[in-house]
2 protein chains.
Amino acid sequence: MKDQFYKHIENLQDSITSKIEEVDGLAKFKEDIWQRQEGGGGRTRVIENGAIFEKGGVNISAVHGELPEVLRKQFNADEGTFFACGLSLVLHPINPMIPTVHANWRYFEMYDTTGKMVTQWFGGGQDLTPYYLFDEDAIHFHTVCKNVCDSYSPDFYSTFKKNCDDYFWNTHREEARGLGGLFFDYLKATNSFTILDRYNFVTAVGASFLESYLPIVQKRKDIPFTISQKDWQEIRRGRYVEFNLVHDRGTLFGLKTNGRIESILMSLPPVVQWKYNHHPEKESEEERLIAVLTNPKEWV
Amino acid sequence: MKDQFYKHIENLQDSITSKIEEVDGLAKFKEDIWQRQEGGGGRTRVIENGAIFEKGGVNISAVHGELPEVLRKQFNADEGTFFACGLSLVLHPINPMIPTVHANWRYFEMYDTTGKMVTQWFGGGQDLTPYYLFDEDAIHFHTVCKNVCDSYSPDFYSTFKKNCDDYFWNTHREEARGLGGLFFDYLKATNSFTILDRYNFVTAVGASFLESYLPIVQKRKDIPFTISQKDWQEIRRGRYVEFNLVHDRGTLFGLKTNGRIESILMSLPPVVQWKYNHHPEKESEEERLIAVLTNPKEWV
């Protein structure tokens, strides 16, 4: 399974990066291959200063070795080894009318001291972070998410949509990072689903990514915007940074397990502002976004 | 003691903000008085878009109430109440030749369930974060720190200077946030020092702040700078954000104890950049700074 999933994310990285380059039309991804001292490594691909994408990364990695301290605590395991691989992507567009998007699909195995696999699971999801709210974009993104979920189980969309709203909650701001999407973790084999069913679901979600996001890019990329709308985007990007550095388990896991810093922090936006106590004007488009972020809604 | 120290930081806030306004010559501090639901409150003063200071805050607060969860864990205390007050300041200049400065001086009391005070201590310090390295500025700042320490004990400077280097270490980057200064905590009454001795020391450190920083501002404020030097400042500010949101105990304490978010996060710089895998050119001024940050040195 681990070879099968790694092969899958290698191919997915290729298809996503080539399509993003085609849509951008200007910038190309820069590739860095890196090794992890304790075992494994990755292939980081970053795009910067494009015609559409100001900064973005589409990274894969496969790491293995002794269970790090942070995982031993989390799983109450004294010792053992692990394997983890996944694809992570974040795209920060220039135009504030295009939302930022994040996705991650991953697979994990844990072994006891004899090397016997004791557990395996999939995790991941994808979520949308707009700066200006176009209801039809939110509906489109969530519809693609729902359709892929519905092919596997009638419960998946409602469960994983709620997980996503819960996970990307910026507690200290009492607002969501964005409009959500899907978030799932510890998808193990059960009575109802084999591990291959899980694989099929997670790879189907990954395969739907471009369809969930690119039509929104195409629709919004030529809308003119003002300096104050760009400022708003950069201020909202500050909330993105706050979430990723204070709350995001994936980022903090990477920072605590000697991950490759530049691959982990490629998620941070290119230019960010923090203004003191900034609030949008009453009844503005900016305030309409905040209203939805503080009270996540059902889009489909 | 708590009234005496609070009175002191009220006056210190007034003298620091009025002097900063005078030096800036353009912007004025905006004041917000806030209340904490669980007890206490603060007086936040923020300056933005000045002639010299791009953004800064000089805040005081005095909070009290039931010991928050995070403190009960830290002190192994089942229940009780606390009082904490302090002054925190951060100044982010426009000109990358002027360093960012941070300072904090605070006082803490803990009480048992009968309301009897069980412990009291002072904490704080000040540290300098330059974007370009002027050795004489580092020497000046540390000399002021050392002189005030030496009036109280011959050990203070070496101890608190090392504490500062250790505390402001950005572990995931393996570099210091800046050039350090002083950092001290849990300064309680001992055989050698009464709590009044501690008060006298901490207030003397606070009183030396303007002398440690303003001569540097005056000396660097008219040096011309290029766009790429400004970019470098904004990239380095990214490391400042990473430290404050990932590692800084004060910031995380505030976020976990329902502190006033805008007063806590006033420390974040106004404009910040994250470029993928950015490294300064060989033998550049930027690289000279990094060399000192990765290997903190003795300045006096």
Side-chain angles (χ1 to χ4, degrees), chain A residues 27 29-32 34 44-49 54-57 59 90 92 170-175 230-231 234-235 237-248 251-279, chain B residues 27 29-32 34 44-49 54-57 59 90 92 170-175 230-231 234-235 237-248 251-279:
Chain A
F29 280 90
K30 178 176 173 255
E31 179 173 292
D32 281 322
W34 55 273
T44 291
R45 288 185 184 162
V46 172
I47 192 166
E48 287 181 299
N49 305 315
E54 197 171 326
K55 183 180 173 192
N59 303 344
V90 176
H92 291 288
N170 223 347
T171 47
H172 66 281
R173 294 289 193 178
E174 294 188 348
E175 66 181 24
K230 186 70 184 169
D231 283 339
E234 292 176 357
I235 291 166
R237 284 172 172 176
R239 305 301 176 92
Y240 205 87
V241 173
E242 290 174 25
F243 182 85
N244 287 18
L245 295 184
V246 177
H247 303 296
D248 185 53
T251 302
L252 297 177
F253 173 78
L255 297 182
K256 283 177 186 167
T257 55
N258 202 15
R260 182 174 182 261
I261 297 304
E262 288 294 339
S263 299
I264 298 164
L265 297 185
M266 68 82 190
S267 66
L268 300 182
V271 181
V272 181
Q273 293 187 41
W274 277 276
K275 284 190 197 297
Y276 173 70
N277 212 12
H278 180 83
H279 296 285
Chain B
F29 280 90
K30 180 177 172 249
E31 178 173 293
D32 281 323
W34 55 272
T44 290
R45 289 186 185 162
V46 171
I47 192 166
E48 287 181 300
N49 306 314
E54 197 170 327
K55 184 181 172 191
N59 304 343
V90 176
H92 292 288
N170 223 346
T171 49
H172 66 282
R173 294 288 191 177
E174 295 187 349
E175 66 183 24
K230 186 71 184 167
D231 283 340
E234 292 176 357
I235 291 166
R237 284 172 172 176
R239 305 301 177 91
Y240 205 88
V241 172
E242 290 174 26
F243 181 85
N244 288 18
L245 295 183
V246 176
H247 302 297
D248 185 54
T251 303
L252 298 177
F253 172 79
L255 297 182
K256 283 176 186 167
T257 55
N258 201 17
R260 182 173 181 261
I261 296 307
E262 288 295 339
S263 299
I264 299 163
L265 297 185
M266 70 79 192
S267 67
L268 301 181
V271 180
V272 181
Q273 293 188 41
W274 276 277
K275 283 190 198 298
Y276 173 70
N277 212 14
H278 180 82
H279 296 286

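If you're wondering where the values come from, they're calculated on a predicted model, not measured in any experiment. Protein chains get the first letters and strands the later ones, always in sequence-line order, with residue 1 at the start of each.
B/W274 is listed as a side-chain neighbour of A/V241, based on a closest heavy-atom distance under 4.5 Å. No side-chain heavy atom of B/V272 sits under 4.5 Å from any side-chain heavy atom of A/V271.
Put simply, of B/K275, B/M266, B/E234, B/K30, the one with the most heavy-atom pairs under 4.5 Å next to chain A is B/K275. In terms of non-hydrogen atom pairs under 4.5 Å with chain A, the most contact-rich of B/V246, B/N49, B/L245 is B/L245. When each of B/D32, B/T171, B/L252 is scored by its heavy-atom pairs under 4.5 Å with chain A, the top score falls to B/D32.
Each of A/H247, A/H172, A/E242 was compared with B/L255 under the side-chain contact (heavy atoms from CB on, under 4.5 Å) criterion, and only A/H172 meets it.
Contacts of B/R173 with chain A are made by side-chain atoms alone, with heavy-atom separations under 4.5 Å and no backbone atom involved. For B/I235, no part sits under 4.5 Å from any heavy atom of chain A, backbone or side chain. When heavy atoms are compared at a cutoff of 4.5 Å, A/V46 approaches chain B solely by way of its side chain, counted from C-beta outward. For B/I261, the part lying near chain A is the side chain, with the backbone staying farther off; criterion is any non-hydrogen pair under 4.5 Å.
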Pair A/Y276-B/T44, side chain to side chain contact (heavy atoms under 4.5 Å, CB included): steps then yes or no:
CA-CA 11 Å; A/Y276 173 70; B/T44 290; 3.5 Å; yes

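For the pair A/Q273 (side chain) and B/P270 (backbone), a donor-acceptor distance under 3.5 Å is absent.
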